[in-house]
There are 2 protein chains.
Amino acid sequence: MDNLKALKAKLNDQGYKLTPQRQLIFDIFQTLATGKHLSAESLHMLLVERGEGMSLSTVYRNLKIMTKMGILREVELAQAQKHYELNTISTHHHHIVCVQCHQIIEFKNNSILQEGLKQVETNGLQLIDCQFTLHTICPEALEMGWPTTSSNWVCPRFTTVSKAKSLGNQQLKLEN
Amino acid sequence: MDNLKALKAKLNDQGYKLTPQRQLIFDIFQTLATGKHLSAESLHMLLVERGEGMSLSTVYRNLKIMTKMGILREVELAQAQKHYELNTISTHHHHIVCVQCHQIIEFKNNSILQEGLKQVETNGLQLIDCQFTLHTICPEALEMGWPTTSSNWVCPRFTTVSKAKSLGNQQLKLEN
DNA sequence: ATCTGTGCAAATAGTTTGCAGCTGG
DNA sequence: CCAGCTGCAAACTATTTGCACAGAT
């Protein structure tokens with residue numbers, strides 16, 4: 001596979017090696033459904049299920065390296081753990097997250113990425129990742145008396161809506 | 001003070017009480033220099049230095065509540081801990097963070113907030129916080145062979161520059 | 001009177017690290 | 001063959017929680 005060669009080149013370029021473990025991790029992210037993020041823990045479980053033994057520390061170590069290199073992006077949404085996804089221009093997107101039910105809506109918006117690039121270049125820096133994150137509350141939770149709502153109350157909105165509303169030429173999709 | 005009344009009203013409205021501890025925390029954030037964030041730990045230390053005994057758990061508990069209510073915003077930048085700052089429209093800003101030296105540049109950009117509001121309203125949600133975060137690397141670190149750079153190497157760029165470059169009508173200032 | 005808040009100490013969860021042996025370039 | 005990588009177990013750090021008591025409305 002071509003992407004694999006590129007990965008190897010990128011790694012070697014920085015003095016890192018292409019190990020079977022790194023290959024596997026990269027592969028999982030490449031075949032991951034759009035809009036899915038993995039935590040270190042869930043990635044590890046996925047690997048174990050696949051019959052690929054790999055230690056959790058190795059997972060952590062490699063997620064870190066691949067994030068540093070800009071291969072993956074690390075997103076901190078509502079949950080306690082960090083989540084990871086491939087960091088490519090074509091799949092680049094942002095997140096709306098409900099602070100009560102923790103559901104996530106992804107959306108694309110190129111003008112925001114452009115704005116980010118401009119801002120970064122103006123300061124003579126190089127962009128590694130650009131994250132636009134909107135913390136929101138759903139009207140249903142507000143009716144329930146949020147923020148006093150019980151922590152496990154789940155907003156019905158996202159479980160019934162299959163696709164979030166799109167805005168202009170921007171495309172939105174519902175996230176797991 | 002007027003802000004204090006507003007705080008009390010907001011809290012009572014949700015069934016929370018205005019305790020001396022909450023007042024103190026709010027006060028600290030109000031008098032905090034622009035561009036400064038506090039972690040739970042550093043806020044606690046600040047309180048202790050001031051001679052205000054308060055348990056760390058109380059700090060954590062109240063930071064959480066005040067973030068939920070939109071009084072504070074929780075930012076996850078390069079560090080391991082979460083940091084907090086007041087969440088007001090007039091002070092609303094975004095962050096550029098260097099992934100090597102962890103220095104932060106703040107910048108204002110109203111069009112981004114507008115974009116966020118539009119996006120959120122289109123989905124029938126209510127905005128609590130809007131964060132635009134750019135992860136970048138400084139050219140100096142790249143020259144040093146980043147990402148293989150040692151973890152405590154500090155980019156000289158930010159320590160010498162007193163004010164980051166501004167972009168258009170947007171205003172930039174150097175952080176903490 | 002009741003319900004929320006606090007301090008303390010203990011618990012937890014996510015992540016990191018030291019070390020001895022293994023492996024890719 | 002050598003610097004980087006892995007697995008394991010132990011360590012660590014930020015944050016959360018249970019409980020008994022105190023305080024506000």
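Chain identifiers are assigned alphabetically (A, B, ...) following the order of the sequence lines, protein sequences preceding nucleic acid strands; residue numbering begins at 1 within each chain. Just so it is clear, the values below take in all heavy atoms, side chains as well, and ignore hydrogens, waters and symmetry mates.
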| From the 5' end of DNA chain C to its 3' end, which nucleotides mark the outer limits of contact with chain A, defined by a 4.0 Å heavy-atom distance cut-off (strictly under)? |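 On DNA chain C, the outermost contacted nucleotides are dG14(C) to dG25(C).
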Does some side-chain heavy atom of [Y] sit less than 4.5 Å from a side-chain heavy atom of [X]?
X: Gln14(B); Y: Pro147(A); result: yes
X: Leu43(B); Y: Phe29(B); result: yes
X: Val120(B); Y: Gln126(B); result: no
X: Pro139(B); Y: Leu125(A); result: yes
X: Leu134(B); Y: Phe107(B); result: yes
X: Ile65(B); Y: Arg22(B); result: yes
X: Ile104(A); Y: Val97(A); result: yes

| task | Taking all heavy atoms of Val75(B) and all of His37(B), pick out the closest pair and write down the distance. | result |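 Looking at all heavy atoms of both residues, the closest pair is CG2-CD2, 4.1 Å.
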| field | Bend angle of the helix from dA1(C)-dT25(D) to dG25(C)-dC1(D), from helix axes over five pairs at each end, nearest 10° | value |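 Nearest ten degrees gives 50° for this helix.
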| Qualifying ring pair (Phe, Tyr, Trp, His ring centres under 6.0 Å) pairs, either residue in residues 51-92 of chain A, two or more places apart | His92(A)-His94(A)
| request: Within residues 10-22 of chain A, find the residues that approach DNA chain D with a heavy atom at under 4.0 Å, and present them sorted by residue number. | output: Gly15(A), Tyr16(A), Lys17(A), Thr19(A), Gln21(A), Arg22(A)
| Pairwise 5' ranking along DNA chain D for Gly53(A) and Gln81(B), keeping only the more 5' one |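 With Gly53(A) and Gln81(B) compared, the 5'-side residue is Gly53(A).
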| Are side-chain N/O atoms of His93(A) and Glu85(A) paired as donor and acceptor at under 3.5 Å? |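 Per modelled atom types, His93(A) and Glu85(A) side chains form a pair under 3.5 Å.
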| note | For Ile137(A), the other hydrophobic cluster members (4.5 Å side-chain criterion, sorted by chain and number) are Val99(A), Leu142(A), Trp146(A), Ile128(B)
| query | Where does the chain B footprint on DNA chain D start and end, counting 5' to 3' with a 4.0 Å heavy-atom cut-off? | reply | dA14(D) to dT25(D)
| query | Can you check whether Met54(B)'s main-chain N or O pairs, donor with acceptor, with Thr58(B)'s side chain at less than 3.5 Å? | reply |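 Between the backbone of Met54(B) and the side chain of Thr58(B) there is no qualifying donor-acceptor contact (under 3.5 Å).
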